[in-house]
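Notes follow once the structure below has been shown.
Below, read A as the first sequence line, B as the second, and so on, with proteins coming before strands; counting in each chain starts at 1.
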2 protein chains.
Amino acid sequence: MATIEDVAKLAGLSRTTVSRVINDQPYVTEEKRQRIVQAMKDLGYVPNSSARRLRSQKTETIAVLLPRITNPFFGNLIEAMEQKASEWGYQVIVCQTHHSSKKEIDYLQLLKTKQVDGVIMASLVNDWKDVEPYLESGPIVFCNEYMEDASIPMIHMDHKTAAYEAAVHLLEQGCKHIAYASGGPESHLGAMRKQGFLEALEEYGRPFLEEINIDWAIDVSDGQKVFHLIRSEFPYIDGVFTGSDEVAAGLIYEASSSDWQVPEDLAVVGFDNQMVSLLMVPSVTTIQQPVIQMADKTVEVLIQQLLHPGAIAPKRYVYPHQLLLRNSTKRREAAIQ
Amino acid sequence: MATIEDVAKLAGLSRTTVSRVINDQPYVTEEKRQRIVQAMKDLGYVPNSSARRLRSQKTETIAVLLPRITNPFFGNLIEAMEQKASEWGYQVIVCQTHHSSKKEIDYLQLLKTKQVDGVIMASLVNDWKDVEPYLESGPIVFCNEYMEDASIPMIHMDHKTAAYEAAVHLLEQGCKHIAYASGGPESHLGAMRKQGFLEALEEYGRPFLEEINIDWAIDVSDGQKVFHLIRSEFPYIDGVFTGSDEVAAGLIYEASSSDWQVPEDLAVVGFDNQMVSLLMVPSVTTIQQPVIQMADKTVEVLIQQLLHPGAIAPKRYVYPHQLLLRNSTKRREAAIQ
DNA sequence: TTGTATGCGTTATCAT
DNA sequence: ATGATAACGCATACAA
């Protein structure tokens, strides 16, 4: 592999001059610039990334921590982030934590080992005290996830209010016994949602169903399990709040395969407004998140921190959500959409 | 940030000895080893990745090129690959090409700049002659995509036969006018599938419908567009071969929203056996790929090339597919599943 | 405008 | 068993 030295020799100039050409710096005669460009072409020269990183102490790379990429929400998030980052000349490393606090910490190590310049955490299962120490190795920004006590930029929705509204909607539709079926027991987000859910119940004077407090529902098959649990153990349940459209879809699918009618026997709300929520029959009432906007802002905030270290103050960016009313909860009004 | 030098000083030893401890090499007294370990802990020392890479000429990182991560097939693929790679201590960089030949080449540059040790191409829109030159910078392996003329390991299914079988199935179900609606016009895979599709038509003496030769159908909304195109322009069509379950889902959704019955008026086959193909009503006949197995094998083959350069010969690993018969094509027999 | 010399943090070679 | 030194490829301060 050709090095900068080889190029310099072939062009009959010094490494420094070659370096100037590579980095588009001034003070190089057009004639010599041409000679160097030609030499680089002839040798098929490409700057060695590791050497550059070592010298410049920069990687132009950011890590994005998220639970699993097969979750469409995170798939969309990472796609948007990658796009935005590349506009700034940054690469993105995808880090799947699978809700493991150990993996989360392992990936934060990328910051210490200087493999990345900054980290976006869209997965958060550790306590702030365990994350904070890594701040000294580079900036960290939260996206989607958030925590009151952290002193870093956070880009997210108000999940508590969103869950509250979803629960109120179920109650307004006449649901009397609403089950809570969410996932990621460790997630701080889950805690926020549950708070909102509980507040709605309290406001309407309905008790929380302790007997079916599900914290392991993440995907379609979990949704199916939840339905069977409801049918066999708690058939009086007439409404379910789920943490994702996938869980909702699994639930509805199984309900339809049995003798249950959705929403008449069981109303279901999802979360995220994924494609599947629209494709299901009935379509799924869900909460839409402004994924692209959050992704863009997150990348922008992080890169600004990298470009101007210590410049801007930690700030929260709260994005609006929207409860999309569809047929899986339509127990009272006329058909929606 | 602490360096190996700092650790050496604190422990009162040389960098060399510290390095030995870091890399678990012999010839270090247990006592000194302890001293060094303690010093590392005290300083919060972590080896600098860039320096290591520069020195060792290895990154322990591989790049995976794929069209888009939001396509569930690739989401599953990358998830499995990442898992397998991490077992070998390798990191994975996700590179979305979005079917752009320029991006594909840009990402191959990662090999030349030594940002990665090897590349897995699950996206392939360039000709082999444009890819081959990068081989001298490191090993490349194809996954899912394949090309007859390439002399590198390829892990894939027989897409031609799979498409053939799907088309035959439609024909056997009595479809007389079958549309072809696939995506990625540049993909070599697409060409293979089309071949199989055409062979089936010919075998059954049916003409190819030149008038509706769709090569832009990739996601759900494309599927919806395809249906509207069929209804308004080619209502005589009674069967569709799609390149993905998402397209099939969009098609079926729109058909159901109109007055068309699936499969009576229009039979539809998908591809990939994604979750959505099972959730749709009717469920979607589709082709299952052994994603995990292919992902695992691909990573294994690539890493073997890295560990034993030039050792094993290029080889093809062809995995079996399976046509899953479901309700979206059930025009003749009793209900399936 | 161009070149020389130094160092980024590691690891490998060769002494001791 | 331990240490001094060079080298990986590049970019920069400084000199010319």
Under 3.5 Å side-chain donor-acceptor pair for Asp117(B) and Thr59(B): yes
Glu87(B) bridged to Lys84(B) by N-O distance under 4.0 Å: yes
Residues Lys297(B) and Glu300(B) bridged, charged N to O under 4.0 Å: yes
Between P of dA1(D) and CZ of Arg35(B), the distance in whole Å: 16 Å
Thr29(B) (side chain) donor-acceptor with Glu31(B) (main chain) under 3.5 angstrom: no
Minimum side-chain heavy-atom gap Thr61(B)-Gln115(B) below 4.5 Å: no
Nearest-angstrom distance from the residue atom CD of Glu5(A) to P of dC8(D): 10 Å
No-H, no-angle donor-acceptor pair, Thr17(B) side chain to dA1(D) base, under 3.5 Å: no
Touch class at under 4.0 angstrom, heavy-atom based, for Glu31(B) against every strand present: nothing
Interatomic distance where CZ belongs to Arg15(B) and C1' belongs to dA7(D) [whole Å]: 12 Å
Separation of atom CD1 in Ile4(A) from atom P in dC8(D), rounded to whole Å: 14 Å
side-chain contact (heavy atoms from CB on, under 4.5 Å) partner of Val18(A), the single match among Thr3(A), Ile4(A), Val37(A): Ile4(A)
Whether Phe142(A) and Trp128(A) hold their rings parallel, tilted or perpendicular, with breakpoints at 30° and 60°: perpendicular
Sugar-phosphate only, base, or nothing, as touched by Thr16(B) at under 4.0 Å among non-hydrogen atoms: base
Modelled atom types, side-chain donor and acceptor of Gln38(A) and Gln34(A), under 3.5 Å: no
DNA chain D-proximal residues of residues 36-63 of chain B, any heavy atom under 4.0 Å: Leu54(B), Arg55(B), Gln57(B)
Nearest-Å distance for atom pair OH/P, residues Tyr27(A) and dA16(D): 19 Å
Whole angstrom value for the distance that separates P of dA4(D) from CZ of Arg20(B): 12 Å
Exercise: do Asn48(B) and Arg53(A) side chains pair donor with acceptor under 3.5 Å: no
For atom NZ of Lys114(B) and atom C1' of dC8(D), their distance in whole Å: 12 Å
5' to 3' contact window, DNA chain C with chain A (heavy-atom distance under 4.0 Å): dT1(C) to dG9(C)
Lys32(B) side chain near dA1(D) phosphate (N/O to OP1/OP2, under 4.0 Å): no
